Amino acid sequence: MEALYTAEALSTGAGRNGHVKTTSGIVDLDLAMPTAMGGSGNGSNPEELFAAGYAACFHSALQLVARNQKVAIEHSSVGSAVHLLPTDDGGFKLAVTLEVIIPDLAADQAQALADAAHQVCPYSNATRGNIEVTITVAQD
């Protein structure tokens with residue numbers, strides 16, 4: 001199968017306390033351990049970047065599903081929280097919480113759209129069976 005698009009990035013320096021840059025040059029930023037993990041917090045981190053990407057990707061999937069079902073979802077939004085959790089063997093794992101907001105749409109219909117988006121979102125497909133992803137629907 002031929003890729004529709006390929007994004008490339010390079011990490012240099014000290015990993016979480018280093019630098020990342022994409023080949024397009026659009027993403028070009030310093031990374032720093034968050035203060036919650038004993039770092040300076042003076043930069044982004046992999047979890048923030050993953051949260052931003054998942055939120056945007058899921059929101060696009062939600063809009064696609066709504067368009068296909070001919071449902072108007074103006075002013076919708078998707079929030080993403082990526083949790084870094086310790087494992088019993090001294091490693092780490094991720095968990096994600098997605099919050100979908102679709103004003104003026106009944107909660108059950110919003111949940112159905114969110115569930116359908118979870119089936120087509122590339123991030124959801126990549127994480128399915130690997131990490132816990134919780135999707136909630138809120139009114140605001």
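Worth knowing before you read on, the calculation uses all heavy atoms, side chains too, and leaves out hydrogens, waters and symmetry mates. Bear in mind that the values here come from a model prediction, so they are computed numbers and not experimental data.
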>> Please determine whether side-chain contact (heavy atoms from CB on, under 4.5 Å) holds for the pair Tyr54 and Thr127, giving the CA-CA distance in whole Å, both sets of side-chain angles, and the decisive distance to 0.1 Å.
In response: CA-CA 10 Å; Tyr54 205 158; Thr127 60; 3.6 Å; yes
>> For a side-chain contact (heavy atoms from CB on, under 4.5 Å) check, start with the C-alpha distance between Phe58 and Val100, then their side-chain angles and the critical distance, and finish with the verdict.
In response: CA-CA 9 Å; Phe58 196 89; Val100 175; 3.7 Å; yes
>> Working note: Asn125 + Val120, criterion side-chain contact (heavy atoms from CB on, under 4.5 Å); need CA distance, chi angles, decisive distance, verdict.
In response: CA-CA 7 Å; Asn125 288 330; Val120 299; 5.5 Å; no
> Run the side-chain contact (heavy atoms from CB on, under 4.5 Å) check on Asn42 and Asp30 step by step: do they pass?
Replying inline: CA-CA 8 Å; Asn42 292 329; Asp30 290 329; over 6 Å; no
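Interatomic distance, Ser77 OG to His59 NE2, rounded to the nearest 0.5 Å: 6.0 Å. The distance from the CD1 atom of Ile102 to the CG atom of Leu113 is 5.0 Å, given to the nearest 0.5 Å. Annotation: the span from Ser80 atom OG to Leu98 atom CG amounts to 5.0 Å, rounded to 0.5 Å. To the nearest 0.5 Å, the span separating OG1 on Thr87 from CZ on Phe92 amounts to 7.5 Å.
Of the possible donor and acceptor atoms, one in the side chain of Thr22 sits under 3.5 Å from a partner among the backbone N and O of Val27. Under the 3.5 Å distance criterion, the side-chain polar atoms of Asn130 are matched with a main-chain donor or acceptor of Ala126. Judged purely by atom type and a 3.5 angstrom limit, His83 has no side-chain atom pairing as donor or acceptor with the backbone of Val96. With Ser60 contributing its side chain and Cys57 its backbone, the two residues share no donor-acceptor pair below 3.5 Å. Not one N or O on the side chain of His118 forms a donor-acceptor pair closer than 3.5 Å with the backbone of Thr134.
Listed here is the closest heavy atom pair of Gly43 and Ala32: N-CB, 3.6 Å. The two residues Glu74 and Pro103 have their closest heavy-atom pair at O-CD, 4.0 Å. Annotation for Ile73 and Ala66: closest pair CD1-CB, 3.7 Å, computed over non-hydrogen atoms.
When each of Leu29, Asp28, Ile26 is tested with Lys21 by the rule side-chain contact (heavy atoms from CB on, under 4.5 Å), just one qualifies, namely Asp28.
A 6.0 Å sphere centred on CD of Glu132 holds no more than 12 heavy atoms belonging to other residues, nucleotides or ligands. Summarising the local packing, CG of Asp115 is surrounded by more than 12 heavy atoms from other residues, nucleotides or ligands at distances under 6.0 Å. The local environment of CG in Asp89 is crowded, with over 12 non-hydrogen atoms from other residues, nucleotides or ligands closer than 6.0 Å.
Listed by first then second residue, pairs satisfying salt bridge (Lys or Arg N to Asp or Glu O under 4.0 Å) with a partner in residues 45-65 read Arg16-Glu47, not counting sequence neighbours. Here salt bridge (Lys or Arg N to Asp or Glu O under 4.0 Å) pairs that include residues 49-59, with residues two or more places apart or in two chains, number zero. The salt bridge (Lys or Arg N to Asp or Glu O under 4.0 Å) contacts involving residues 36-46 comprise nothing, where partners must be two or more places apart or lie in separate chains.
Clustering ILVMFWY residues whenever any of their side-chain heavy atoms sit less than 4.5 angstrom apart, transitively, puts Val20 in a cluster other than the one holding Val82. Follow the hydrophobic side-chain contacts under 4.5 Å out from Phe50 and you reach Leu84 in the same cluster. Both Val78 and Ile135 are part of a single hydrophobic cluster, where members link through side-chain heavy atoms under 4.5 Å apart. A single hydrophobic cluster is seen to contain both Met37 and Leu94, as judged by linkage of ILVMFWY side chains at heavy-atom distances under 4.5 Å, directly or through other members. Under the 4.5 Å side-chain contact rule for hydrophobic residues, Leu64 and Leu62 do not share a cluster.
Using a 4.5 Å heavy-atom threshold, the side chains of Ser124 and Gln119 count as separate. Side-chain atoms of Val71 and Gln109, non-hydrogen and from C-beta on, do get closer than 4.5 Å to each other. Between Met33 and Ser40, every side-chain heavy-atom pair lies at or beyond the 4.5 Å cut-off. When side chains are defined from C-beta on, Asp108 does not count as touching Val137, because their heavy atoms never get closer than 4.5 Å. Side-chain contact between Leu49 and Ser44 is present, with heavy atoms from C-beta onward closer than 4.5 Å. Side-chain contact between Thr12 and His19: present, with at least one pair of heavy atoms (C-beta onward) separated by less than 4.5 Å.
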